[in-house]
Amino acid sequence: DSGVTQTPKHLITATGQRVTLRCSPRSGDLSVYWYQQSLDQGLQFLIQYYNGEERAKGNILERFSAQQFPDLHSELNLSSLELGDSALYFCASSAPDGYTFGSGTRLTVV
Amino acid sequence: AQSVAQPEDQVNVAEGNPLTVKCTYSVSGNPYLFWYVQYPNRGLQFLLKYITGDNLVKGSYGFEAEFNKSQTSFHLKKPSALVSDSALYFCAPPNQAGTALIFGKGTTLSVSS
């Protein structure tokens, strides 16, 4: 157990729908990073939050948004889902040696 | 822009043989680089990092990497491969702002018995 918790582990939804992925960072970690992993794009950085505020943005689509709450958990909201959004979504929090990753949420859009 | 290249999508090696997973980088300033491993259906796990100091970095599970500034490389190595080393390996630099790590498609290592 890495200490980073992601829920749900699997999600199947239809095109056009909206889903929310949740991440709890390791105890004491203030940063949360979201990544998307797909076969064709590899592992892409989406967005980072630090202590409730957006710190950095990567290749995040406008249909996607995120937030970090006062208890430091974070949610990634994906809307108007398309088939191409099917991927593994990882959350990571900062560690002295880099990042600690959660086990991911596998999203399947049908 | 910061970037890395892992020129091989897949590396195949027999158990007991040495393995190398290649990474070349293009970063501005003093580079710092990470290697991560992803086992099937799992999140990424930290292997090792280079920040400064010794060019030979030792990491988890018997892996090591050599930072070579003249060749802009940071290849991952292990003297004797295990079947359990079969996984997806990522070399990752930070982005330009230093706020996040950049990954790519990685290299799949397959160790046969």
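Heavy atoms only: backbone and side chains are in, while hydrogens, waters and symmetry mates are out. The sequence lines fix the lettering, A, B, ..., with proteins before strands; numbering per chain opens at 1.
- Screening A/Y50, A/Y99, A/Y33 against A/S94 for a side-chain hydrogen bond (donor to acceptor under 3.5 Å, both in side chains) leaves a single residue, A/Y33.
- Contacts of A/Q37 with chain B are made by side-chain atoms alone, with heavy-atom separations under 4.5 Å and no backbone atom involved.
- Residues B/E64 and B/K58 are paired through a salt bridge, judged by an N-O separation under 4.0 Å between the basic side chain and the carboxylate.
- Annotation: maximal heavy-atom pairing with chain A below 4.5 Å, among B/L88, B/L48, B/L44, occurs at B/L44.
- The aromatic rings of A/F101 and A/F90 stand perpendicular to each other, their planes meeting at an angle above 60°, with 30° marking the opposite boundary.
- The backbone N or O of A/Q48 sits nowhere less than 3.5 Å from a side-chain atom of A/R55 that would complete a donor-acceptor pair.
- Looking at B/I51, neither its backbone nor its side chain comes within 4.5 Å of chain A, counting heavy atoms on both sides.
- Within the 4.5 angstrom heavy-atom criterion, no atom of B/Y32 approaches chain A.
- Heavy atoms of B/Q45 lying under 4.5 Å from chain A are absent altogether.
- Residues A/V32 and A/C91 have side chains in contact (heavy-atom distance under 4.5 Å, counting atoms from C-beta outward).
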